[in-house]
Number of protein chains: 2
Amino acid sequence: MSTLDEIAKLSGFSKATVSRVLNQSPHVSKETRAKILAIMKETDYVPNRNAISLSKGQTQQIGMITMDLNELILSFMNSFVEISGRYGYQTIIYTTGGDKQKELQAFEDLKMKRVDALLILTSVNAQNVISSYCKYGPIVSWQRMDHPEIPSVAMNQYDGYALALEHLIERGYKRIANAFGRPSSINTHSRRLAYEQIMTKYNLPVMEKWYYSTIYGIRDGEQLVQTLMGQPDQPDAILCANDLVAVGVLSEARRQQLNVPGDLAIVGFDNSELSQTLGITTVRNPIAGQAENAFLLLAPALLGRDMELQPLSFQLIQRETTSLPNH
Amino acid sequence: MSTLDEIAKLSGFSKATVSRVLNQSPHVSKETRAKILAIMKETDYVPNRNAISLSKGQTQQIGMITMDLNELILSFMNSFVEISGRYGYQTIIYTTGGDKQKELQAFEDLKMKRVDALLILTSVNAQNVISSYCKYGPIVSWQRMDHPEIPSVAMNQYDGYALALEHLIERGYKRIANAFGRPSSINTHSRRLAYEQIMTKYNLPVMEKWYYSTIYGIRDGEQLVQTLMGQPDQPDAILCANDLVAVGVLSEARRQQLNVPGDLAIVGFDNSELSQTLGITTVRNPIAGQAENAFLLLAPALLGRDMELQPLSFQLIQRETTSLPNH
DNA sequence: TTGAAAGCGTTACCAA
DNA sequence: TTGGTAACGCTTTCAA
């Protein structure tokens, strides 16, 4: 394991010059550079990252915090990793499993300078706890945060939900049920608002009895259909919190001999791979764009230059679980 | 940002003593320790990881290398992260997307001492390239490697496949088709061997025409059923490369009005969540155990002490896609 | 139990 | 264009 010091001695130049070669400084003569580079090759020299990090005061690492890893989070991460890499940053994942203490570890790592910045995908600690770490480095969030120092790249779910509703209404569905996720979340609130406003706009009844919440996965979707079947009055469309729920709704609807999309239309959310495989109409959530924006928000603090965020929007992906217009 | 040096000055003790407090050395008097600890609290002191890493020559970070992230890999990683954490190691993921150069970055990071050890989940570089990095730190692999210096925690697929075959045969299925994955892989080879030996053992015909390979996902599974339906002679069971394939086979079989498990039995592999949801008989692959063993193999080099590996075995999970004995 | 001082391997400032 | 040298913040002998 050769060090910079050894290279300096072997080449006859100073450590400073060797360092310049390493950092592609223009103030090194061609011959000197060539000579030093040659010796580096020979001795199989590689700079020690820890020394660099200590000296520079930064590690070129960004931490990503999440409770768990699912398809959605993964695609966000993948995009984020990609763009970070382009700017010389590595990423490290903190999976917290929803444990506050474990999550705090990530923030402590920011303080300890193990990472230069933090990306919050999902977090469980109180906002004021988290924001007390802002002084140690830039933090950006996917999940919406109510703190001015922590910008969020979350999209307003209102728009996506409205898109889905208009799609259904246009196709003649009037009795639309909602499968919401976390009842207290801002997303659910936005979606609910969209439902109420859009339905009103088209003079359709706002059916509060068809607000279901805490519907998260396949099982919940299946159960929802069973619940609905047991009732006298039935919806002709179900708008789901995510694609997984839609998968559950679809499979249970088929089991119950319902004709999809004739008797029942189903719309998912996120445009996951599964929705594509099973032909479920869904709303495309521009995850990759949000991930890129997340990095761009970090850029001023990390790279010292502002970068313009790209505008993003939802998009409706029509598949087989909703009919043609005016069915 | 206070430093160890400042704590030393404020407390009136030397840096060495402060360092001892940090590292819970027994050679510090109670009062001294208390005094120093108090000052650390006051000044909101946190040690700088880079300085520690540089000084100690190790980072307490382990890199995990993979081409992509799927459910199986994730559960392996989750377990690995968990056990590593217990011993004070953090993990960092290198997603290579199958790019050799990107993968090499991870190995370079071992050389640069950004990580203390490496876990290979899947890799694309040549074995001799990889093994040239062994001298820079311990490397362990999930994927089977043909290099003595890189131990692998992969299990012999022969045993799992044999388990599935005996299960089918015991239930009266005799015409068993195989949906293999990568034709050249060691796993496929082991599975094929199991098929030939077990079938022979029970005096059943080894049907080479029912060897299908490059069957990886849902789509492939669906297509396989279509292919089989178009042929005069049909199997009464399909043993799948993984659960995803089994999902495809199951859904297409239903679409074709086949009675599962009456007309056709289906067995998956890995015991993924989806197989549970859809009630597919499968072989449980002890992923968590393999992940733990992976860390335990690293332990001698990292912790300086040998740890005993735990013995692992496959297990058959009977669900609704195979019938009761002697159907 | 404590301290002094020499590392660890770079970077970066100031001179030359 | 180059060199000398003080950081960077901690650990680890060796003495006391």
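Throughout, protein chains are lettered first and strands after them, A, B, ... in sequence-line order, and every chain is numbered starting at 1.
Here A:N23 reaches the OP1 or OP2 of C:dT11: one of its side-chain N or O atoms lies under 4.0 Å away. Taking side-chain N and O atoms only, B:T17 has no distance below 4.0 Å to OP1 or OP2 of C:dT2. OP1 or OP2 of D:dC8 has not a single side-chain nitrogen or oxygen of B:T3 nearer than 4.0 Å. Contact between the side-chain N/O atoms of B:S19 and the OP1/OP2 oxygens of D:dC10 is not found at any separation under 4.0 Å.
Within 4.0 Å of B:V21, counting heavy atoms only, lies no atom of the nucleic acid at all.
Look at CG on A:L10: it is 15 Å from P on C:dG9, rounded to the nearest Å. Separating the CE atom of A:M112 from the P atom of D:dC8 is a distance of 19 Å, rounded to the nearest angstrom. Computed from coordinates, the B:I52 CD1 to D:dT12 C1' distance equals 14 Å when rounded to whole Å. Separating the CG atom of A:D5 from the P atom of D:dG4 is a distance of 12 Å, rounded to the nearest angstrom. Following rounding to the nearest Å, A:K35 (NZ) and D:dT1 (P) show an atom-to-atom distance of 16 Å. If you measure from atom CG of B:N48 to atom P of C:dT11, you get 16 Å, rounded to the nearest angstrom. Computed from coordinates, the A:K30 NZ to D:dT2 P distance equals 14 Å when rounded to whole Å. Here the P atom of nucleotide C:dG7 and the CG atom of A:L4 are 17 Å apart, to the nearest Å.
No donor-acceptor pair under 3.5 Å is formed between the side chain of A:D270 and the backbone N or O of A:S272. Judged by distance alone, with hydrogens and angles left aside, the side-chain atoms of A:E103 form a donor-acceptor pair with the main-chain N or O of A:N125 at under 3.5 Å.
The residue among A:R33 and A:K113 whose nearest nucleotide of DNA chain D lies closer to the 5′ end is A:R33. Nearer the 5' end of DNA chain D, as judged by each residue's closest nucleotide, is the contact made by A:G12, out of A:G12 and B:S55.
In this structure, of C:dT10, C:dG3, D:dT11, it is C:dG3 that holds the atom nearest to the side chain of B:A16. In the set C:dA6, C:dC13, C:dT2, the nucleotide with an atom closest to the side chain of B:H27 is C:dT2. Considering only side-chain atoms of B:K15, the nucleotide from D:dT11, C:dT1, C:dT10 that sits closest is D:dT11. Among the nucleotides C:dG3, C:dT11, D:dT1, the one closest to any side-chain atom of A:L22 is C:dT11. Checking D:dT1, D:dG4, D:dC10 against the side-chain heavy atoms of A:T32 singles out D:dT1 as nearest. Residue A:R20 places its side chain closer to D:dT2 than to any other of C:dT11, D:dT2, C:dG3. Closest approach to the A:L54 side chain among C:dG9, C:dT11, D:dC10 is made by C:dG9 (side chain taken as heavy atoms from C-beta onward). Side-chain proximity of B:K56 to D:dT1, D:dT11, C:dG9: nearest is D:dT11.
Counting only heavy atoms from C-beta outward, the side chains of A:L303 and A:L298 never approach each other to under 4.5 Å.
Under the side chain to side chain contact (heavy atoms under 4.5 Å, CB included) rule, B:L119 has a single partner from B:F80, B:Y94, B:F295, which is B:F80.
Between A:E31 and A:K35 no salt bridge is recorded (no basic side-chain N to carboxylate O distance below 4.0 Å).
For B:E273, the CD atom sits in a loose shell: 12 or fewer heavy atoms of surrounding residues, nucleotides or ligands are nearer than 6.0 Å.
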